[in-house]
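Computed from a predicted model, the values in this text were never measured in an experiment.
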Amino acid sequence: MSKTRVVITGLGATTPLGGDVASSWEGLLAGRSGARRLTDDWVQNLAVQIAAPVAVEPTEIIERVKARRLDRNAQLAVVAAREAWADAGLEDSGLDKERLGVAVATGIGGLHTTLSNYDALLKNPRRVSPLAIPMLMPNSSAAYVGLEFGAKAGVHTPVSACASGNEAIALGLDQIRLGRADVVLAGGTEGTIMPLPLAAFSQMMALSKRNDEPERASRPWDADRDGFLLGEGAGVLVLESYEHAVARGAKIYAEIAGAGISADGHDIAQPDPTGSGARRAMERALLEGDLSPSDIKHINAHATSTPQGDVAESLAIRLALGSATDNAVATAPKSMIGHLLGAAGAVESIATILALHHRIVPPTINLDKLDDQIELDIATEPRKLADGDLAALNNSFGFGGHNAAIAFKTI
Amino acid sequence: MASTEEIRSDLAEIVNEIAGIPVEDVQLDKSFTDDLDVDSLSMVEVVVAAEEKFDVKIPDDEVKNLKTVGDAVAFIERGLNG
């Protein structure tokens, strides 16, 4: 049975580098860091006082009364989804809404709402918002994106920590291939730069403590890396069957060749040091996309800047691609935007697609001294990609041992 | 003591903040649901905010009787004067 071809026809993002795709992409190419030292009162007692907040507050864009009813997660998702929807030219396309689906992931869910309502509860239970549940539930962002555009096919929320964004894209791909939708708004969102996540990730020893040099804190593959930088933002992609896109004359950025999902079966938080789970995710993405390792010319790595994770992924890439690894330009956007948790896979898929579309790979910054356990060809300056057919992989891995790799190709 | 107009004006600010209804539309003869389109969950928020603003208790059983802005203003006035 031949697979339905699925293409990308719209992109939307809000990130630490910009309030839309164009400004975020420009920031990535320029090697700009979105990190900064936090100045909020609540940060003073924390071991980690740095993060990468979004460049544009979502409340500057979303109407005030509507914004009140949306957790920060959903606000960010709606901002990204509006851009993707407009970019795809879907507004007046006559799209059958019963054929429009949503897959918007989150790693943590509506934590702002949870915590602020818990504070309210302790003061007076009547002050708990009657909208607390619809705001804090993990599916809130997907539901609000669906409501925004009247989606009436499946509206889903994959939750697999930092693999969530890629899982949403994989799920969107499946929905179209299974014939359940013609168009899916797929992506991820996360807006949890707050004391609890900063303290909790810090207690796990997962975060960089480079408080005095926030812009140098996220340094994937560097010998002196000491953990990830917490970021926030959202990315939404319009996935569409090739047939549907061509019939309405849509512009096409790239094709999703395949998705590979696996579980480590190793540990709740540590990556499998052999890279076996991540390897299987990449191999499955290639298999599903009828691609061979030599087709992959670019890898947008998960590369969070943690000591163990970066090494395990490098090993996994070598196992999956073999000697073809040497012909694939690797980069780590987290060096600039930090780790967007449930949004990471979505925002980085957008970067991967734009790298194929514009045939240029954004740089990895802060790579001063390469860890000698890393064997990858890393772009430390913007790197041009060749003409002709190209394919690329975007990796995302999450606590829980979740691995999700998406293979994109030029069209 | 707060006048009827002062209470209406403060209540209008609350309704505006929560439901986005223009302050000038929140007049005594207007029904919260039929005229102002304040839904039941927003009404819960309006009631709690009003309790805090005016330092009165508005029991849940009473809320269903507060159909118009005037009903709410009168209830708050009674609370303040009682």
*Given side chains that start at C-beta, do those of A:Pro16 and A:Leu340 come closer than 4.5 Å, heavy atoms only?*
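Of all side-chain heavy-atom pairs linking A:Leu340 with A:Pro16, at least one is under 4.5 Å.
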*Which atoms of A:Arg126 come close to chain B, meaning under 4.5 Å heavy atom to heavy atom: side chain ones, backbone ones, both, or neither?*
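Backbone plus side chain of A:Arg126, per the 4.5 Å heavy-atom cut-off to chain B.
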*Spell out, as yes or no, whether a donor-acceptor pair under 3.5 Å connects the side chain of A:Arg127 to the backbone of A:Leu122.*
no
Does any heavy atom of chain A fall under 4.5 Å from the side chain of [X], the backbone, both, or neither of them?
X       : value
B:Glu52 : side chain
B:Ala19 : backbone
B:Ser42 : both

*Under 3.5 Å, is there a donor-acceptor pair between the A:Asn117 and A:Ser129 side chains?*
no
*Should the pair A:Phe201 and A:Phe399 be assigned to parallel (<30°), tilted (30 to 60°) or perpendicular (>60°) ring geometry?*
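The rings of A:Phe201 and A:Phe399 sit tilted, inter-plane angle from 30° to 60°.
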